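Letters go in sequence order (proteins before strands), and every chain restarts at 1. In this text the structure is predicted, and so the values were computed from the model without any measurement.
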Number of protein chains: 2
Amino acid sequence: MTRNGGSETRAAILEEARRVLLDQGYTSLSMRSLAAAIGCTPTTIYLYFKNKDSLIHTLIDEGMNMLHGRLIQALEESSEGCSVERMRALAGAYFDFGLENQEYYEVMFMLHPQHMDRYPAAKYRSARRNLELFAEQLPEGPSQPVVGIQIWSALHGTISLLIAQRIDNKFSRDELRDLAIEQAVATVAARPIEN
Amino acid sequence: MTRNGGSETRAAILEEARRVLLDQGYTSLSMRSLAAAIGCTPTTIYLYFKNKDSLIHTLIDEGMNMLHGRLIQALEESSEGCSVERMRALAGAYFDFGLENQEYYEVMFMLHPQHMDRYPAAKYRSARRNLELFAEQLPEGPSQPVVGIQIWSALHGTISLLIAQRIDNKFSRDELRDLAIEQAVATVAARPIEN
DNA sequence: CCGCCATGTTTACACTGTAAAGTTTACACT
DNA sequence: AGTGTAAACTTTACAGTGTAAACATGGCGG
């Protein structure tokens, strides 16, 4: 392969990895096929990424930033509403992001760490921002982060089962979406108002 | 390896597979190491199981039956209670099963089908029994299976994130358990009584 | 006794991630 | 211009994966 100044190769790797991830999913993303697609040898990739996991980590990070954009946008669009309405918008945006970016969602939230190096602390923080948005919509403010986690977890449950195709097709996605969002909303509505 | 009458080998395969699954997790479960552990060649396993996935399927089936036992027991112990109390017992039992049998839970509900052959229809039915138990606890009876699915999904969300170690350790498991269960209970309590 | 079938092994293929060592290119500096 | 060095990339190799095809062997029924 022609020398092309390093960072171009790195960009090509990421671009192709992203493409394969979206088209064929995580399992099809192999270092060798990746290398073949961009016209270099497998080991070249190791010049830019410690290993496959750290390549995945940067994809996760991309996904987290995409998600953050979507969530922030949803919050801005509903900023005039009460906490219930903001949560409805947030949950809806989260749900839609998950189903519209299934392959991203999978590497972001469904991959087991045993198959994966520990997620680096710096990137972990950027991921946590997304989750904190849920607690921040509670009427009492972000003082109960665990409740935010619970609301997020419940949403994640439905999304992950849909992605994993563990829910019978006879149940409509829209109905499941509504139920999941309303459950999140109900949890907010049940909180005491304190701020 | 000595001929030992077939079903013994099959039993040994399953026993070792179960052991590895519980000890080292799904990723460590390889046909070759499995064969080495029970003292046969990898291909011998293919006499008893079509492929790795179908071996996993029978483990999933085992897990589903274990889970069913736990859920039925919880329901029996709470049979005198109202639908809210029965759901509390059911959700608690489901949650505990998940965390006490993480490796089973993972293959049962968290593995992506792309990595896996389609779950056989017959076994799928036995899995569905477990989910139907949730809808059956609704005050209006099992007429709204999708609500049962939603309650189950939300529980699954918390469990799967805990198993995947995607929830910060600073959040106590007990508190998350309580919140998840109460969210399930609240969804039941919010239903109209019709039967 | 003989043939068949269940039970198993041997061998092989096409993959996977990744480490070590060697090679080529580009550029800075004397 | 010539040389040193570092970046970029390849070659080769290892150890592992699932699994298919062909071959061997034991025991049992006719």
I need the CD1-C1' distance between Ile38(B) and dT7(C), as an integer number of Å. 13 Å
From CZ of Phe49(A) across to P of dC9(D) the rounded distance in Å is 13 Å
Spacing of Tyr26(B) atom OH relative to dT17(D) atom C1', expressed in whole Å: 12 Å
Expressed as a whole number of angstroms, how long is the span from Tyr46(B):OH to dT9(C):P? 14 Å
Run His156(A) and Tyr105(A) through side chain to side chain donor-acceptor pair (under 3.5 Å) and show every step you take. CA-CA 10 Å; His156(A) 165 77; Tyr105(A) 193 90; 2.7 Å; yes
Leu34(B) CG to dG16(D) P: how many Å, rounded? 16 Å
Within the structure shown, what part of the strands sits under 4.0 Å from Leu29(B) by heavy-atom distance: base, sugar-phosphate, or nothing? sugar-phosphate
Counterpart residues, salt bridge (Lys or Arg N to Asp or Glu O under 4.0 Å), relative to Glu182(A) (two or more places apart): Arg88(A)
Side chain of Tyr48(B) only, heavy atoms from C-beta on: which candidate in dT7(C), dT10(D), dT19(D) is closest? dT7(C)
Option among Val107(A), Asp61(A), Asn51(A) that satisfies the side chain to side chain contact (heavy atoms under 4.5 Å, CB included) test with Ile56(A): Val107(A)
Atom pairs, protein N/O to nucleotides 20-22 of chain C N/O, distance under 3.5 Å:
none

Which residues pass the side-chain contact (heavy atoms from CB on, under 4.5 Å) test with Arg177(A), sequence neighbours left out? Phe95(A), Asp96(A), Ile181(A)
Both distances under 3.5 Å, Watson-Crick or G-U wobble: on that basis, could you give the dot-bracket string for DNA chain C, with [ ] for crossing pairs and | for other-strand partners? ||||||||||||||||||||||||||||||
Under the side chain to side chain donor-acceptor pair (under 3.5 Å) rule, collect the residues that match up with Arg173(B), sequence neighbours excluded. none
Can you name the salt bridge (Lys or Arg N to Asp or Glu O under 4.0 Å) partners of Glu77(B), sequence neighbours left out? none
Using a 4.0 Å heavy-atom cut-off, does Leu55(A) contact any base of the nucleic acid, only the sugar-phosphate backbone, or nothing at all? nothing
Between dG8(C) and Thr44(B), is there an OP1 or OP2 to side-chain N/O distance shorter than 4.0 Å? no
Non-neighbouring partners of Arg19(A) that pass side-chain contact (heavy atoms from CB on, under 4.5 Å), sequence neighbours left out: Glu16(A), Asp23(A)
Could you tell me how far apart Asn51(A) (CG) and dT18(C) (C1') are, to the nearest whole angstrom? 9 Å
Between Leu47(A) (CG) and dT10(D) (P), how many Å, whole number? 9 Å
Which nucleotide in dG8(C), dC9(D), dT18(C) has an atom nearest any side-chain atom of Thr9(B): dG8(C)
Applying a 4.0 Å non-hydrogen cut-off, can you work out what Ser30(A) is touching in the nucleic acid: base, sugar-phosphate, or nothing? sugar-phosphate
From the set dG18(D), dC9(D), dT18(C), return the single nucleotide nearest to any side-chain atom of Met31(B). dG18(D)
Does the pair Glu100(B)/Arg70(B) count as a salt bridge with the N-to-O cut at 4.0 Å? yes
Residue list, side-chain contact (heavy atoms from CB on, under 4.5 Å) with Thr43(B), at least two apart or on another chain: Thr41(B)
Measure CD1/Ile45(A) against P/dA7(D) and give the value in whole Å, please. 20 Å
Report the residues that fulfil side chain to side chain donor-acceptor pair (under 3.5 Å) with Arg128(A), sequence neighbours left out, ordered by chain and then residue number. none
Has the side chain of Arg32(B) got a donor or acceptor atom sitting under 3.5 Å from an opposite partner on the base of dG18(D)? yes
